[in-house]
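Whatever order the structure lists ligands and atoms in, that order sets their numbers, starting from 1. Everything numeric in this text was worked out from a predicted model, so none of it was measured. Side chains included, hydrogens not; waters and symmetry mates left out as well; all remaining heavy atoms used.
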Amino acid sequence: VNPFLLDEEHLAFTDVVRGFLRSTFADSILERAMSEEYPRLALKQLANAGLSGLIVPEDDGGQGADLLALGIACEEAGWADPTIAGLVFFTNVFAHLISSHAAPTVRAELLPGLLAGEQIGCVALTEPGSGSDAAALRTKAERVAGGWRLTGEKTSITQAGHADWAVVFALTDPTAGARGVTGFIVDLHDESVTRQRFADPGFRSLGRGSLMLDGTFVPDERVIGEPGRGFATVMHEFDLTRTLIALMVVGTGQRALDMAADYARQRHTFGRPIAAHQGVSFPIAEHSTYLEGVRWLAYRTLGLRQAGLPHTKEAAMLKWWGPEVAFNAVKDAIILHGQVGWSDELPLQAMLRDVSGYFIGDGTPQINKLVIAREVIGREVIG
Ligand SMILES: Cc1cc2nc3c(=O)[nH]c(=O)nc-3n(C[C@H](O)[C@H](O)[C@H](O)COP(=O)(O)OP(=O)(O)OC[C@H]3O[C@@H](n4cnc5c(N)ncnc54)[C@H](O)[C@@H]3O)c2cc1C
């Protein structure tokens with residue numbers, strides 16, 4: 001992969017995906033932002049368009065596409081609607097997790113429903129007492145005949161209220177720290193599982209919530225990878241998800257800027273289009289620069305991952321910088337719209353709320369700056 005330029009194939013893919021996502025979802029962004037109803041039809045439409053298992057191998061029923069294609073889909077979906085981008089992100093990430101780490105029988109059982117947009121997955125790492133300190137888990141997995149019994153509470157889980165399956169991370173060896181964490185595929189329809197939904201400022205139709213596991217049985221074949229390797233798996237996947245999050249928010253920030261540029265051409269003050277005032281055109285120029293910077297660091301990071309090269313530092317850079325750049329772009333797009341920007345008639349406020357969730361989800365700015373500082377300065381000093 002050439003990490004600096006998208007080739008003809010990726011450019012053609014961008015055109016097709018952009019056309020589909022904008023024509024199908026861009027105009028209905030506010031309906032989904034205001035609703036608590038899960039967008040099942042949209043999930044199905046994405047699946048029918050081949051956007052549910054982009055990096056899942058064809059043998060497992062996916063598209064067998066590369067990471068750049070997944071990045072393009074995330075960026076384009078972010079432009080059309082952050083909720084749709086959330087669907088693209090969670091569907092692809094969950095299907096990829098299953099196809100790359102689950103046993104063949106489990107892949108055969110889960111992937112058809114997931115890739116058809118009929119079943120929903122979520123990833124449950126965070127607990128009430130463990131977020132940034134992600135290895136300080138309390139949820140326990142106890143060995144029983146034929147499998148494990150999981151007990152504990154997972155919290156702040158996107159799609160928890162709607163998901164059919166969760167990859168739950170739990171302690172299999174409480175004395176081994178991060179090396180005692182294992183991933184389990186949990187059937188959320190099991191009667192030992194209860195759920196609680198949160199009232200959130202954004203992503204209302206996807207929802208976030210808690211999962212309470214009360215001795216939930218998980219058979220051996222539904223263990224993700226090797227016991228004790230769960231934390232390493234999460235950390236490796238974070239390098240991908242942090243990069244994809246940056247591309248989703250770049251898409252959303254770009255839509256806000258495109259709206260601001262359109263408005264600035266049409267709206268007149270003091271006898272001129274407002275775009276002719278440098279106080280209006282310069283913020284648009286500046287945010288365009290920042291968004292372009294995040295965009296190309298993100299595609300380069302996907303290129304590094306695809307080439308099997310280190311990219312943890314770059315992914316951490318994207319995770320703190322991307323949401324900040326996008327949030328600031330949306331904020332100034334609101335200001336450039338004047339009073340009509342402070343309204344739920346336009347999607348800008350919803351976009352601002354959705355982007356703000358990504359400051360925290362998948363790691364806060366502080367935690368990502370620690371990751372960068374460890375590489376730049378040294379783990380022995382930073383800790
Ligand atoms: C929209 C959204 C979606 C989410 N989806 C999921 C999901 O699907 N699955 C899942 O498992 N989790 C999910 N999360 C949870 C998310 O990963 C955690 O909230 C996040 O990792 C932070 O953990 P915490 O909330 O416990 O904050 P804490 O760890 O309690 O941190 C509180 C504050 O202290 C700061 N801080 C902590 N330690 C340090 C330090 N060493 N140095 C400097 N500052 C520090 C943090 O940066 C933060 O500002 C989601 C969160 C959000 C907001």
Side-chain angles (χ1 to χ4, degrees), residues 33 38 78 82-83 85-94 96-97 120-139 150 152-171 178 181 183-186 188 195-213 224 230-231 233-235 237-242 244-245 248-249 252 315-316 319-320 322-324 326-327 350-374 377 379 381-383:
Y38 192 84
T83 299
L87 287 181
V88 169
F89 173 83
F90 283 106
T91 309
N92 279 279
V93 166
F94 194 80
H96 157 71
L97 205 56
I120 300 165
C122 64
V123 177
L125 175 66
T126 305
E127 298 184 357
S130 160
S132 301
D133 190 1
L137 300 181
R138 290 211 166 167
T139 299
L150 272 58
E153 180 179 350
K154 293 290 174 182
T155 197
S156 183
I157 311 305
T158 306
Q159 309 205 106
H162 309 283
D164 301 286
W165 301 97
V167 169
V168 172
F169 292 90
L171 284 179
V181 176
F184 296 89
I185 300 168
V186 174
L188 294 181
R195 321 181 196 212
Q196 194 192 344
R197 289 195 63 172
F198 296 174
D200 276 349
F203 291 118
R204 285 189 194 138
S205 56
L206 301 184
R208 201 167 52 108
S210 297
L211 297 171
M212 269 72 70
L213 308 175
I224 283 273
F231 198 68
T233 304
V234 173
M235 289 299 131
E237 295 304 332
F238 268 156
D239 291 343
L240 174 61
T241 54
R242 287 173 175 169
L244 297 176
I245 286 172
M248 290 194 285
V249 297
T252 304
K319 181 61 201 26
W320 79 260
E324 183 157 314
F327 186 87
M351 289 153 77
L352 194 74
R353 291 193 294 269
D354 288 347
V355 166
S356 73
Y358 288 120
F359 284 130
I360 301 161
D362 257 34
T364 63
Q366 290 93 326
I367 293 310
N368 283 284
K369 287 174 192 176
L370 279 176
V371 172
I372 300 163
R374 276 186 198 128
I377 302 167
R379 188 179 264 275
V381 184
I382 301 300

Looking at atom 24 (P) of ligand 1, what's its closest protein heavy atom, distance included?
Gly131 CA, 3.9 Å
I'd like to check which ligand 1 atoms, numbered from 1 as shown, lie under 4.0 Å from a non-hydrogen atom of Gly361.
50 (C), 51 (C), 52 (C), 53 (C)
Please check atom 33 (C) of ligand 1 for a protein heavy-atom neighbour under 4.0 Å.
no
Phe203-Tyr358 aromatic ring centre distance below 6.0 Å:
yes
Any side-chain heavy-atom pair from Leu240 and His96 closer than 4.5 angstrom?
yes
Measuring from atom 39 (C) of ligand 1, which candidate in Val234, Ile367, Asn368 has the nearest non-hydrogen atom?
Ile367
Any side-chain heavy-atom pair from Gln366 and Trp320 closer than 4.5 angstrom?
no
Run the side-chain contact (heavy atoms from CB on, under 4.5 Å) test on Leu87 and Gln159 for me, step by step, so that the C-alpha distance in whole Å, both residues' side-chain angles and the decisive distance to 0.1 Å come before the verdict.
CA-CA 10 Å; Leu87 287 181; Gln159 309 205 106; 4.0 Å; yes
Applying a 4.0 Å heavy-atom criterion (strictly less than), which segment of Val123 is in contact with ligand 1: side chain, backbone, both, or neither?
backbone
Close-contact set for ligand 1 against Arg208 heavy atoms, below 4.0 Å
2 (C), 3 (C)
At a non-hydrogen distance cut-off of under 4.0 Å, which region of Gln159 contacts ligand 1 (side chain, backbone, both, or neither)?
neither
Identify, for atom 41 (N) of ligand 1, the protein heavy atom at the shortest distance, and state residue, atom and that distance.
Leu370 CD1, 3.8 Å
re atom 1 (C) of ligand 1, the protein heavy-atom contact at minimum distance is Gly357 O, 3.8 Å
Residue pair Leu137 / Lys154, side-chain heavy-atom distance below 4.5 Å
yes
Side-chain contact, heavy-atom cut-off 4.5 Å: Ile360 with Ser156?
no
Within-cut-off N or O pair, Thr158 and ligand 1, under 3.5 Å
yes
Under 4.0 Å from one or more heavy atoms of Asp362, ligand 1 contributes atoms 17 (O)
Close N or O approach (Gln366, ligand 1; < 3.5 Å)
yes
Consider every N or O of Leu125 and every N or O of ligand 1, then say whether any pair is closer than 3.5 Å.
yes
For Ser210, does its backbone N or O pair with a side-chain atom of Thr155 as donor and acceptor, under 3.5 Å?
no
Test side chain to side chain contact (heavy atoms under 4.5 Å, CB included) applied to Leu97 and Val234, Val123, Ile185, the passing residue:
Val123
Between Ser156 and ligand 1, is there a nitrogen or oxygen pair with a distance under 3.5 Å?
yes
Taking the side chain as C-beta and beyond, is there a heavy-atom pair between Arg138 and Ser130 under 4.5 Å?
no
With respect to atom 17 (O) of ligand 1, which of Ile382, Thr364, Leu211, Thr126 exhibits the smallest heavy-atom separation?
Thr126
Identify all side-chain donor-acceptor contacts of residues 161-170 below 3.5 Å with residues at least two apart in sequence or on another chain.
| unit_1 | atom_1 | unit_2 | atom_2 | d |
| --- | --- | --- | --- | --- |
| Asp164 | OD1 | His189 | NE2 | 2.7 |
| Asp164 | OD2 | Ile120 | N | 2.8 |
| Trp165 | NE1 | Gln119 | OE1 | 2.8 |

Between Tyr38 and Leu206, is any pair of side-chain heavy atoms under 4.5 Å apart?
yes
Out of Ser132, Ala134, Gly202, indicate the one that has the non-hydrogen atom closest to atom 31 (O) of ligand 1.
Ser132
Looking only at protein heavy atoms, which one is nearest to atom 20 (C) of ligand 1, and what is the separation?
Ile360 O, 3.7 Å
